[in-house]
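A quick write-up on the structure given underneath.
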Number of protein chains: 2
Amino acid sequence: MDPNSSQRASVTVADVARKAGVSKATAARVLGGYGTVSDRVRDAVTVAARALDYRPNELARSMTTGRSGTIGVVVGDIENPFFSLAVRGITDIARQAGFTVILINSGEDVSAEKAAIRTLVAKRVDGLIVSPAKESDVEHLREAARSGRPLALLDRGSEAFEVDTVIADDRHAAAGITRQLIELGHRRIAYITACDTPDRVFHTPNDINTGSVRRRVEGFLDTCREAGLPAMERWVYMGAVTPEQTRQIAKRMLEGKNRPTAVIASDSVIGLEIFKTSRLIGLAIPQELSLISFHDADWTAVTSPPVTVVRQPVYQLGETAAKLLVERLNGNDTAPRKVVLRTEVVERASVARLLED
Amino acid sequence: MDPNSSQRASVTVADVARKAGVSKATAARVLGGYGTVSDRVRDAVTVAARALDYRPNELARSMTTGRSGTIGVVVGDIENPFFSLAVRGITDIARQAGFTVILINSGEDVSAEKAAIRTLVAKRVDGLIVSPAKESDVEHLREAARSGRPLALLDRGSEAFEVDTVIADDRHAAAGITRQLIELGHRRIAYITACDTPDRVFHTPNDINTGSVRRRVEGFLDTCREAGLPAMERWVYMGAVTPEQTRQIAKRMLEGKNRPTAVIASDSVIGLEIFKTSRLIGLAIPQELSLISFHDADWTAVTSPPVTVVRQPVYQLGETAAKLLVERLNGNDTAPRKVVLRTEVVERASVARLLED
DNA sequence: ATTATGTATGAGACCGGTCTCTTTTCGATT
DNA sequence: AATCGAAAAGAGACCGGTCTCATACATAAT
């Protein structure tokens, strides 16, 4: 009833204009900060706006300008420290550039990813950063890019898809630690990942959908082959999706007769489970089992022994993806760029020379 | 030039209507899924939409409906595992209820929080979930709530502000572990938190802006007082904002002559630094120093010794906040609710009876 | 004094949907 | 065949901004 009840029905430029005794167009010029206005009128409008507690409607603004000031981010799982750190990098840069971030988890599921992208496009995000679940299945990404919305890929690229991409030098890192393990005398080296195949058995790297992991496995296998260790395919363990599943796989793997003497964990969540399991079944690290994990998670430094890891520049991964995207948003129209960030092996104490054979 | 170039200028209902040979209103009915349409027309419109690759503009839809299908989330730092897990809970419920999430980090800074909320209101989010940096400074939240947008507070409430709130029973948890330490003979018990005061010294719980931490410190002090330990205020350490600062504080604290025999860490990031520092300066846990940390972070189970923690239902905290909000969004108009979730002490091996005194 | 130049303001279309109100169509009823 | 009522379709206003274009007025140039 009371028109002053401020509640309901937000205040619009028209309301402010009426109160200030000017036209809607003029009030809009002041409020929107464009065009030319006299100081007198500017003050009048500003006062009126304050009095009415005017709040601009960004939605309406986006309608005409065509820019929403929003970027959409699709990651596998924000709960994973890898992604939460990368997202931090993205949001920092985005905020700096005046954008807000809409975040959607895909759960590493392609159909969820498709739905997420549809939603984001419907909401008219200005650009997209995606960590694609399957690098072979990118038609929806291609399409989003075709719609004129800049796109940047995070941590996982696609060879067949030319678009701004930021990844770590996973192949190189995997090759390095593999070589190191071989030089220390290891021959039975396992690689364990969350990725999975329909039949749960690894045949070739092409079975692996996640780009970063595929590159690592390639590095692992190639290095083994060069060192005269063929057919290491059977040492690639898949399906470590949840901690529970990982524990089961680890148990079967480590209790077997022909158990590996070294394990490479594809991320820190898996690394943690391997560590727990080896302790559980009484396998001493590093005397009886060497362990190297990807991702320098905080806990890896405080275990006994502390674990050797491949440190990825996760925050920078996110930051860089956001920077590339913002450049596009600012009109950069050059060819797609692939940025590869360097990793670093942090030597701790979970790796040892193999004594007997 | 080529009108078929699909690129630029997105396809609108009007375009679809023209192609299908019906009015804009009718096409909108089909595309928007409302009103009544004949099967024949529905098919025609659907076919036309597909042919033109029509993508609804959610922005335009939001304009008229007044609902954006978005909820705004403001947390201290998504990089902190506590928040990333809570956010996961929020996004899961939000997605289920058909909402997307706009995420903004406040960095525990009130002015950033204010800016974030202004942005979110401008973007016309349907509701807000905020983890307020200062529970004393909530005028901006109150205002956001007054604008008719439902609001739920996460992990931190405000006594003076009646609004849906989800917290853990921090006071109870702190009292419990304090009592336990006292019973084990500890008298010099330190509490260390990231919260800070201008003069970096703790005087009274009212100095603490973060609701959850204030309640814990109150529980700590009250229990000490009841047990005949007065003036424990000097054992509250503040300003452990970054790992570096925490390390410095921990060093000074643990190397002092009159060092504490037990430490309560207010979160897992701090707990990790205490653990590292005590190892660095050669203080054996638990023989020479007992440690209890809030937040059951993954690493706490794998250290030697594993550390005793207060397990908070973090995911549920986020989930519940989102549920309360969604209920409001669906029209629930009852009095504000305060939900307190129970914590649980996970006994591990970082706490021991104090031998000599 | 008259015309040119530029600045300040107003009027109204527009963005892409939704929604109300009116008109047309069609099947059922008597 | 005439009448009625509901279903289907159309016309056009509306949401809250931006933006183009026209107009009014002031100042400067001739």
Side-chain angles (χ1 to χ4, degrees), chain A residues 8-46 48-49 52-70 118-119 121-126 147-148, chain B residues 8-46 48-49 52-70 118-119 121-126 147-148:
Chain A
R8 271 295 86 73
S10 49
V11 180
T12 73
V13 274
D15 297 328
V16 176
R18 201 173 312 121
K19 172 124 186 167
V22 300
S23 76
K24 182 183 159 196
T26 302
R29 271 189 271 263
V30 176
L31 267 13
Y34 57 89
T36 65
V37 239
S38 68
D39 291 351
R40 235 170 32 77
V41 170
R42 169 172 288 111
D43 290 349
V45 172
T46 309
L52 295 172
D53 189 33
Y54 168 77
R55 304 297 188 100
N57 184 333
E58 207 58 56
L59 250 41
R61 186 170 290 168
S62 301
M63 276 286 303
T64 41
T65 60
R67 315 192 84 213
S68 64
T70 316
R118 208 173 314 125
T119 302
V121 169
K123 289 204 187 293
R124 295 298 191 260
V125 294
D126 292 333
S147 84
Chain B
R8 274 293 88 74
S10 49
V11 179
T12 74
V13 273
D15 297 328
V16 176
R18 200 172 313 123
K19 172 122 185 169
V22 300
S23 76
K24 183 184 158 197
T26 302
R29 274 190 270 261
V30 177
L31 267 13
Y34 57 90
T36 64
V37 239
S38 69
D39 292 350
R40 233 169 34 77
V41 169
R42 182 186 316 278
D43 289 350
V45 172
T46 309
L52 295 172
D53 189 30
Y54 167 77
R55 303 297 187 101
N57 184 334
E58 208 57 57
L59 251 40
R61 183 170 292 167
S62 301
M63 276 286 301
T64 40
T65 59
R67 315 192 83 213
S68 64
T70 316
R118 207 172 314 125
T119 302
V121 170
K123 289 205 186 293
R124 295 296 191 264
V125 293
D126 292 332
S147 85

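Keep in mind it's a predicted model, so treat the numbers as computed, not measured. Letters A, B, ... mirror the listed sequences (proteins, then strands); counts begin at 1. Note that these values count all heavy atoms, side chains included, but never hydrogens, waters or copies made by symmetry.
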* Among D:dT18, C:dG10, D:dG16, find the nucleotide with the atom closest to the side chain of A:Ala60. => D:dG16
* Figure out the CZ/P separation between B:Arg61 and D:dG17, and round it to whole Å. => 21 Å
* To do: Carefully, step by step, assess A:Asp53 and A:Val11 under the rule side-chain contact (heavy atoms from CB on, under 4.5 Å).
  => CA-CA 7 Å; A:Asp53 189 33; A:Val11 180; 5.7 Å; no
* Between P of D:dC15 and CZ of B:Arg124, the distance in whole Å -> 14 Å
* **Distance-only donor-acceptor test (3.5 Å): side chain A:Arg29, base C:dG10** => yes
* To do: Let me know, please, whether B:Met63 or B:Val41 comes out on the 5' side of the other along DNA chain D by nearest nucleotide.
  => B:Val41
* Asked: Taking the side chain as C-beta and beyond, is there a heavy-atom pair between A:Arg118 and A:Val121 under 4.5 Å?
  -> no
* Asked: Does B:Ser38 make a side-chain N or O approach to OP1 or OP2 of D:dA7 shorter than 4.0 Å?
  -> no
* Do B:Asn57 and B:Thr12 come close enough that some side-chain heavy atom pair is under 4.5 Å? -> no
* Asked: For the pair made of CG in A:Leu59 and C1' in D:dG16, what is the distance, rounded to whole Å?
  -> 10 Å
* To do: Looking at every strand, decide which applies to A:Thr36 at a 4.0 Å heavy-atom threshold: base, sugar-phosphate, or nothing.
  => base
* Is the phosphate of C:dT18, meaning OP1 or OP2, less than 4.0 Å from a side-chain N or O of B:Thr65? -> no
* To do: Please check the phosphate of D:dT18 (OP1 and OP2 only) for any side-chain N or O of A:Tyr34 closer than 4.0 Å.
  => yes
* Between A:Glu58 (CD) and C:dC15 (P), how many Å, whole number? -> 20 Å
* First encountered from the 5' end of DNA chain D, between B:Asp39 and B:Thr64 -> B:Asp39
* Reckon B:Thr12 touches a base, only the sugar-phosphate, or nothing at all at heavy-atom distances under 4.0 Å? -> sugar-phosphate
* Structure fact -> note: B:Asp15, atom CG; C:dC14, atom P; distance rounded to Å ~ 15 Å
* Give a yes or no on whether a donor-acceptor pair under 3.5 Å exists between the nucleobase atoms of C:dG16, that is its base, and the side chain of B:Lys24. => no
* CG of A:Asn57 versus C1' of C:dC15: gap in Å, rounded? -> 13 Å
* Structure fact -> One should read off an interatomic distance between B:Arg18 CZ and B:Asp15 CG, to the nearest 0.5 angstrom, of 5.0 Å
* Value in whole Å for how far the C1' atom of D:dG10 lies from CZ of B:Arg18 -> 16 Å
* **Whole-Å gap separating C1' (D:dA9) and CZ (B:Arg40)** => 11 Å
* Asked: Does B:Ser23 put a side-chain nitrogen or oxygen below 4.0 Å from OP1 or OP2 of D:dG10?
  -> yes
* Assess whether side-chain contact (heavy atoms from CB on, under 4.5 Å) is satisfied between B:Lys123 and B:Thr70, documenting all intermediate values. => CA-CA 9 Å; B:Lys123 289 205 186 293; B:Thr70 316; over 6 Å; no
